Amino acid sequence: MRVGFIQMEPKLLDLNANLSKAEKLLKDAAKQEAQLVVLPELFDTGYNFESREEVYSIAQQIPDGETTQFLVEQAREHEMFIIAGTAEKDEKGRLYNSAVLVGPIGWGYIGKYRKIHLFYREKLFFEPGNLGFHVFNIGVAKVGIMICFDWFFPEAMRTLALKGADIVAHPANLVMPYAPRAMPIRSLENRVFSITANRIGEERGLRFIGMSQINSPKAEILLRASEDKEEVGVVEINIEEARNKKINEYNDIFKDRQPKYYFV
(Lines give C-alpha, C1' and ligand atoms only; values in the text may rest on other atoms or scores of the structure.)
Protein backbone atom coordinates (compact mmCIF):
# COMPACT_ATOMS: atom_id res chain seq x y z
CA MET A 1 0.00 0.00 0.00
CA ARG A 2 1.27 3.47 -0.85
CA VAL A 3 0.77 5.96 1.98
CA GLY A 4 1.85 9.54 2.40
CA PHE A 5 1.75 12.86 4.19
CA ILE A 6 1.28 16.43 3.09
CA GLN A 7 3.36 19.01 4.95
CA MET A 8 2.07 22.52 4.32
CA GLU A 9 1.83 26.01 5.73
CA PRO A 10 -1.83 26.98 6.18
CA LYS A 11 -2.80 30.63 6.10
CA LEU A 12 -4.58 31.66 9.28
CA LEU A 13 -8.35 32.15 8.82
CA ASP A 14 -8.21 31.84 5.01
CA LEU A 15 -10.26 28.82 4.04
CA ASN A 16 -10.10 29.37 0.27
CA ALA A 17 -6.33 29.78 0.21
CA ASN A 18 -5.83 26.64 2.30
CA LEU A 19 -8.15 24.48 0.22
CA SER A 20 -6.48 25.73 -2.95
CA LYS A 21 -3.03 24.86 -1.63
CA ALA A 22 -4.18 21.44 -0.44
CA GLU A 23 -5.67 20.76 -3.87
CA LYS A 24 -2.29 21.29 -5.53
CA LEU A 25 -0.45 19.15 -2.99
CA LEU A 26 -3.00 16.34 -3.24
CA LYS A 27 -2.46 16.34 -6.99
CA ASP A 28 1.24 15.82 -6.33
CA ALA A 29 0.44 12.91 -3.98
CA ALA A 30 -1.78 11.39 -6.67
CA LYS A 31 1.09 11.55 -9.17
CA GLN A 32 3.07 9.46 -6.67
CA GLU A 33 0.19 6.96 -6.65
CA ALA A 34 -0.67 7.47 -2.99
CA GLN A 35 -3.61 5.41 -1.77
CA LEU A 36 -3.85 7.04 1.67
CA VAL A 37 -2.77 10.62 2.39
CA VAL A 38 -2.73 12.47 5.73
CA LEU A 39 -2.92 16.27 5.96
CA PRO A 40 -2.03 18.36 9.05
CA GLU A 41 -4.22 19.27 11.99
CA LEU A 42 -6.45 22.27 11.18
CA PHE A 43 -5.07 22.35 7.62
CA ASP A 44 -7.99 24.50 6.47
CA THR A 45 -8.03 27.17 9.19
CA GLY A 46 -4.59 27.71 10.68
CA TYR A 47 -3.98 27.19 14.37
CA ASN A 48 -3.00 30.12 16.61
CA PHE A 49 -6.41 31.68 17.21
CA GLU A 50 -6.93 34.70 19.43
CA SER A 51 -10.57 34.11 20.30
CA ARG A 52 -13.36 31.59 20.12
CA GLU A 53 -15.11 33.95 17.73
CA GLU A 54 -12.28 33.52 15.21
CA VAL A 55 -12.65 29.76 15.31
CA TYR A 56 -16.42 29.96 15.09
CA SER A 57 -16.23 32.18 12.01
CA ILE A 58 -14.31 29.59 9.98
CA ALA A 59 -15.26 26.23 11.50
CA GLN A 60 -17.35 23.92 9.33
CA GLN A 61 -19.91 21.25 10.00
CA ILE A 62 -19.01 17.63 9.23
CA PRO A 63 -19.83 16.20 6.73
CA ASP A 64 -21.93 18.93 5.11
CA GLY A 65 -19.43 21.77 5.40
CA GLU A 66 -17.22 23.08 2.62
CA THR A 67 -14.01 21.42 3.89
CA THR A 68 -15.39 17.88 4.08
CA GLN A 69 -17.11 18.23 0.73
CA PHE A 70 -13.86 19.48 -0.80
CA LEU A 71 -12.03 16.46 0.59
CA VAL A 72 -14.70 14.08 -0.71
CA GLU A 73 -14.29 15.55 -4.19
CA GLN A 74 -10.51 15.28 -4.02
CA ALA A 75 -10.66 11.66 -2.83
CA ARG A 76 -13.04 10.80 -5.64
CA GLU A 77 -10.94 12.56 -8.29
CA HIS A 78 -7.64 11.00 -7.20
CA GLU A 79 -8.99 7.60 -6.12
CA MET A 80 -7.43 7.80 -2.67
CA PHE A 81 -8.32 7.89 1.01
CA ILE A 82 -7.67 11.21 2.77
CA ILE A 83 -7.43 12.05 6.47
CA ALA A 84 -7.30 15.74 7.34
CA GLY A 85 -7.57 17.90 10.44
CA THR A 86 -10.30 20.55 10.50
CA ALA A 87 -12.15 22.85 12.89
CA GLU A 88 -15.61 21.39 13.40
CA LYS A 89 -18.74 23.30 14.41
CA ASP A 90 -21.59 20.99 15.40
CA GLU A 91 -25.31 21.65 15.09
CA LYS A 92 -25.37 23.20 18.57
CA GLY A 93 -22.45 25.53 17.84
CA ARG A 94 -19.89 23.56 19.86
CA LEU A 95 -16.35 23.58 18.46
CA TYR A 96 -14.06 20.57 18.11
CA ASN A 97 -10.55 20.05 16.82
CA SER A 98 -11.43 17.20 14.50
CA ALA A 99 -10.17 15.02 11.69
CA VAL A 100 -12.21 13.53 8.86
CA LEU A 101 -11.68 10.40 6.80
CA VAL A 102 -12.98 10.29 3.24
CA GLY A 103 -12.48 7.83 0.41
CA PRO A 104 -12.75 7.30 -3.36
CA ILE A 105 -15.86 6.51 -5.40
CA GLY A 106 -18.11 4.20 -3.42
CA TRP A 107 -16.78 5.45 -0.08
CA GLY A 108 -17.24 9.24 0.20
CA TYR A 109 -17.38 10.51 3.78
CA ILE A 110 -16.41 7.67 6.11
CA GLY A 111 -16.08 9.14 9.59
CA LYS A 112 -14.46 11.60 11.97
CA TYR A 113 -12.43 11.80 15.15
CA ARG A 114 -12.55 14.63 17.69
CA LYS A 115 -9.29 15.40 19.50
CA ILE A 116 -9.44 14.17 23.08
CA HIS A 117 -6.26 15.67 24.56
CA LEU A 118 -6.35 19.41 23.94
CA PHE A 119 -3.04 21.28 24.03
CA TYR A 120 -2.45 24.62 25.75
CA ARG A 121 -4.77 27.41 24.50
CA GLU A 122 -6.88 24.97 22.47
CA LYS A 123 -8.77 24.55 25.74
CA LEU A 124 -10.05 28.11 25.36
CA PHE A 125 -11.73 27.37 22.03
CA PHE A 126 -12.54 23.67 21.65
CA GLU A 127 -14.50 21.05 23.54
CA PRO A 128 -12.62 17.83 24.37
CA GLY A 129 -13.45 15.07 21.93
CA ASN A 130 -16.39 12.87 22.91
CA LEU A 131 -16.32 10.12 20.28
CA GLY A 132 -13.51 8.01 21.70
CA PHE A 133 -10.78 6.35 19.65
CA HIS A 134 -12.10 4.52 16.61
CA VAL A 135 -10.54 2.32 13.93
CA PHE A 136 -11.86 2.56 10.38
CA ASN A 137 -11.75 -0.29 7.86
CA ILE A 138 -10.71 1.03 4.44
CA GLY A 139 -10.54 -2.35 2.76
CA VAL A 140 -6.85 -3.13 2.48
CA ALA A 141 -6.05 -1.70 5.92
CA LYS A 142 -7.50 -0.62 9.23
CA VAL A 143 -6.72 2.97 10.14
CA GLY A 144 -6.91 4.71 13.50
CA ILE A 145 -6.74 8.48 13.98
CA MET A 146 -5.28 10.63 16.71
CA ILE A 147 -4.43 14.33 16.57
CA CYS A 148 -1.18 16.05 17.58
CA PHE A 149 -0.93 16.16 21.43
CA ASP A 150 -2.76 12.83 21.67
CA TRP A 151 0.62 11.21 20.94
CA PHE A 152 1.86 12.36 24.38
CA PHE A 153 -0.49 9.85 26.01
CA PRO A 154 0.63 6.27 25.27
CA GLU A 155 -2.90 5.04 25.95
CA ALA A 156 -4.14 6.77 22.80
CA MET A 157 -2.05 4.83 20.31
CA ARG A 158 -2.26 1.63 22.37
CA THR A 159 -6.05 1.83 22.31
CA LEU A 160 -6.07 2.19 18.53
CA ALA A 161 -3.64 -0.72 18.17
CA LEU A 162 -5.69 -2.95 20.46
CA LYS A 163 -8.74 -2.11 18.36
CA GLY A 164 -6.95 -3.47 15.31
CA ALA A 165 -5.31 -0.49 13.63
CA ASP A 166 -2.61 -1.30 11.09
CA ILE A 167 -1.87 2.38 10.55
CA VAL A 168 -2.25 5.31 12.93
CA ALA A 169 -2.80 8.60 11.12
CA HIS A 170 -1.54 11.57 13.10
CA PRO A 171 -2.52 15.02 11.77
CA ALA A 172 -0.46 17.50 13.77
CA ASN A 173 0.58 21.10 14.41
CA LEU A 174 3.66 20.25 16.44
CA VAL A 175 5.58 23.02 18.20
CA MET A 176 7.54 20.95 20.74
CA PRO A 177 10.53 18.90 19.52
CA TYR A 178 9.64 15.54 21.01
CA ALA A 179 7.18 13.80 18.66
CA PRO A 180 9.59 13.16 15.76
CA ARG A 181 11.78 11.22 18.19
CA ALA A 182 8.94 9.51 20.05
CA MET A 183 6.64 8.41 17.25
CA PRO A 184 8.97 5.67 15.95
CA ILE A 185 8.87 4.18 19.46
CA ARG A 186 5.08 4.51 19.60
CA SER A 187 5.03 2.51 16.36
CA LEU A 188 7.42 -0.08 17.76
CA GLU A 189 5.64 -0.65 21.06
CA ASN A 190 2.34 -1.15 19.22
CA ARG A 191 3.77 -2.76 16.06
CA VAL A 192 1.87 -0.42 13.75
CA PHE A 193 2.73 2.05 11.02
CA SER A 194 2.29 5.72 11.85
CA ILE A 195 1.94 8.76 9.61
CA THR A 196 2.53 12.15 11.22
CA ALA A 197 1.51 15.02 8.94
CA ASN A 198 2.78 18.23 10.50
CA ARG A 199 2.66 21.83 9.32
CA ILE A 200 5.41 24.42 8.95
CA GLY A 201 5.74 28.18 9.32
CA GLU A 202 5.17 30.73 12.04
CA GLU A 203 1.81 32.07 13.17
CA ARG A 204 1.48 34.98 15.60
CA GLY A 205 4.84 34.12 17.10
CA LEU A 206 4.26 30.36 17.29
CA ARG A 207 6.69 28.31 15.19
CA PHE A 208 5.84 24.84 13.88
CA ILE A 209 8.58 22.25 13.50
CA GLY A 210 7.69 20.33 10.32
CA MET A 211 9.46 16.96 10.18
CA SER A 212 6.40 15.03 9.07
CA GLN A 213 7.26 11.36 8.98
CA ILE A 214 6.19 7.80 8.28
CA ASN A 215 7.33 5.12 10.73
CA SER A 216 7.33 1.34 10.55
CA PRO A 217 6.36 -1.25 13.21
CA LYS A 218 10.11 -1.75 13.74
CA ALA A 219 10.73 1.91 14.68
CA GLU A 220 12.22 2.66 11.26
CA ILE A 221 11.75 6.20 9.98
CA LEU A 222 10.73 5.35 6.43
CA LEU A 223 10.48 8.99 5.39
CA ARG A 224 10.95 12.32 7.14
CA ALA A 225 10.31 15.82 5.79
CA SER A 226 12.31 18.98 6.40
CA GLU A 227 11.66 21.48 9.18
CA ASP A 228 10.63 24.36 6.95
CA LYS A 229 9.49 23.31 3.46
CA GLU A 230 6.14 22.30 2.05
CA GLU A 231 6.50 18.69 0.97
CA VAL A 232 4.59 15.63 -0.15
CA GLY A 233 6.05 12.30 0.99
CA VAL A 234 4.84 8.89 -0.21
CA VAL A 235 6.24 5.42 0.52
CA GLU A 236 5.21 1.82 -0.04
CA ILE A 237 4.39 -0.18 3.10
CA ASN A 238 3.53 -3.82 3.71
CA ILE A 239 0.44 -3.90 5.92
CA GLU A 240 1.18 -7.46 7.01
CA GLU A 241 4.11 -6.17 9.07
CA ALA A 242 1.63 -4.47 11.39
CA ARG A 243 -0.36 -7.65 11.88
CA ASN A 244 2.51 -9.64 13.31
CA LYS A 245 2.80 -8.75 16.98
CA LYS A 246 5.57 -11.25 17.67
CA ILE A 247 9.10 -10.01 18.38
CA ASN A 248 10.50 -13.54 18.71
CA GLU A 249 9.18 -17.09 18.94
CA TYR A 250 8.24 -16.64 22.61
CA ASN A 251 7.02 -13.04 22.84
CA ASP A 252 3.87 -11.53 21.40
CA ILE A 253 3.50 -7.92 22.59
CA PHE A 254 -0.28 -8.13 22.89
CA LYS A 255 -0.61 -11.67 24.24
CA ASP A 256 2.09 -10.93 26.82
CA ARG A 257 0.27 -7.94 28.26
CA GLN A 258 -0.74 -8.10 31.95
CA PRO A 259 -3.38 -5.35 32.25
CA LYS A 260 -4.40 -6.40 35.77
CA TYR A 261 -1.11 -4.89 37.00
CA TYR A 262 -1.12 -1.66 34.99
CA PHE A 263 -3.65 0.68 36.60
CA VAL A 264 -4.11 2.17 40.07
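Values in this document were obtained by computation on a predicted structure and should not be read as measured data. Position 1 is the first residue of the sequence, and the numbers go up from there.
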Is the Lys NZ or Arg CZ of K142 less than 6.0 Å from the centre of F136's six-membered ring, within 45° of the axis? no
May I ask you to check if R52 and F125 form a cation-pi contact, with NZ or CZ under 6.0 angstrom from the six-membered ring centre and within 45° of the axis? no
Separation of [Y] [atom2] from [X] [atom1] (nearest 0.5 Å):
{"X": "L71", "Y": "T67", "atom1": "CG", "atom2": "OG1", "answer": "6.5 Å"}
{"X": "D44", "Y": "L15", "atom1": "CG", "atom2": "CG", "answer": "6.0 Å"}
{"X": "I221", "Y": "R224", "atom1": "CD1", "atom2": "CZ", "answer": "4.0 Å"}
{"X": "N198", "Y": "L39", "atom1": "CG", "atom2": "CG", "answer": "12.0 Å"}
{"X": "F193", "Y": "D166", "atom1": "CZ", "atom2": "CG", "answer": "8.5 Å"}
{"X": "I237", "Y": "I214", "atom1": "CD1", "atom2": "CD1", "answer": "7.5 Å"}

Look at the side chain of [X] and the backbone N and O of [Y], then say whether any donor-acceptor pair between them is shorter than 3.5 Å.
{"X": "K115", "Y": "C148", "answer": "no"}
{"X": "R158", "Y": "E189", "answer": "yes"}
{"X": "R2", "Y": "Q35", "answer": "no"}
{"X": "K112", "Y": "P63", "answer": "no"}
{"X": "K123", "Y": "L118", "answer": "no"}
{"X": "N173", "Y": "E41", "answer": "yes"}
{"X": "H134", "Y": "G144", "answer": "no"}
{"X": "N18", "Y": "D14", "answer": "yes"}
{"X": "K11", "Y": "A17", "answer": "no"}
{"X": "R191", "Y": "K246", "answer": "yes"}

Tell me if the [atom1] atom of [X] is crowded by more than 12 foreign heavy atoms within 6.0 Å.
{"X": "E33", "atom1": "CD", "answer": "no"}
{"X": "Q32", "atom1": "CD", "answer": "yes"}
{"X": "F254", "atom1": "CZ", "answer": "yes"}

When you compare the side chains of [X] and [Y], does any donor N or O come within less than 3.5 Å of an acceptor on the partner?
{"X": "Y109", "Y": "Q69", "result": "no"}
{"X": "R114", "Y": "N97", "result": "no"}
{"X": "D256", "Y": "Y250", "result": "no"}
{"X": "D150", "Y": "Y113", "result": "yes"}

Could you tell me whether the side chain of [Y] reaches within less than 4.5 Å of the side chain of [X], counting heavy atoms only?
{"X": "F133", "Y": "E155", "result": "no"}
{"X": "R207", "Y": "I200", "result": "no"}
{"X": "V175", "Y": "Y120", "result": "no"}
{"X": "Q213", "Y": "P180", "result": "yes"}
{"X": "R121", "Y": "L124", "result": "yes"}
{"X": "E66", "Y": "N16", "result": "yes"}
{"X": "S194", "Y": "H170", "result": "no"}
{"X": "V143", "Y": "L36", "result": "yes"}

Using every non-hydrogen atom in the two residues, find where [X] and [Y] come nearest and quote the distance to one decimal.
{"X": "A179", "Y": "P184", "answer": "O-CD, 4.4 Å"}
{"X": "P40", "Y": "A172", "answer": "CB-O, 3.6 Å"}
{"X": "L160", "Y": "I145", "answer": "CD1-O, 3.7 Å"}
{"X": "E9", "Y": "G201", "answer": "OE2-CA, 3.6 Å"}
{"X": "A75", "Y": "I82", "answer": "N-CD1, 3.7 Å"}
{"X": "G103", "Y": "F81", "answer": "CA-CD2, 3.5 Å"}

With sequence neighbours left out, the residues meeting ring pair (Phe, Tyr, Trp, His ring centres under 6.0 Å) with F153 are H117, F149
Would [X] and [Y] show up in the same hydrophobic cluster when neighbours are defined by side-chain heavy atoms closer than 4.5 Å?
{"X": "L131", "Y": "I83", "value": "no"}
{"X": "Y56", "Y": "Y96", "value": "no"}
{"X": "I110", "Y": "V140", "value": "yes"}
{"X": "L223", "Y": "I185", "value": "no"}
{"X": "L19", "Y": "L26", "value": "yes"}

Apply the test side chain to side chain contact (heavy atoms under 4.5 Å, CB included) to residues E122 and Y47: give CA-CA distance (whole Å), side-chain angles for both, the deciding distance (0.1 Å), then the verdict. CA-CA 9 Å; E122 290 174 33; Y47 178 84; 2.6 Å; yes
Of all residues at least two apart in sequence or in a different chain, which pass the side chain to side chain contact (heavy atoms under 4.5 Å, CB included) check with A225? F5, Q7, S212, E231
How far apart are the C-alpha atoms of E88 and Q61, what are their side-chain angles, what is the distance that settles it, and do they pass the side chain to side chain contact (heavy atoms under 4.5 Å, CB included) test? CA-CA 5 Å; E88 178 190 2; Q61 290 199 341; over 6 Å; no
Tell me, with the steps shown, if I167 and I239 meet side chain to side chain contact (heavy atoms under 4.5 Å, CB included). CA-CA 8 Å; I167 302 168; I239 292 296; 3.7 Å; yes
Does the pair M157 and W151 meet the rule for a side chain to side chain contact (heavy atoms under 4.5 Å, CB included), with working shown? CA-CA 7 Å; M157 201 150 164; W151 82 265; over 6 Å; no
Give the intermediate values and the outcome of salt bridge (Lys or Arg N to Asp or Glu O under 4.0 Å) for residues R199 and E203. CA-CA 11 Å; R199 64 161 290 176; E203 207 172 76; 2.7 Å; yes
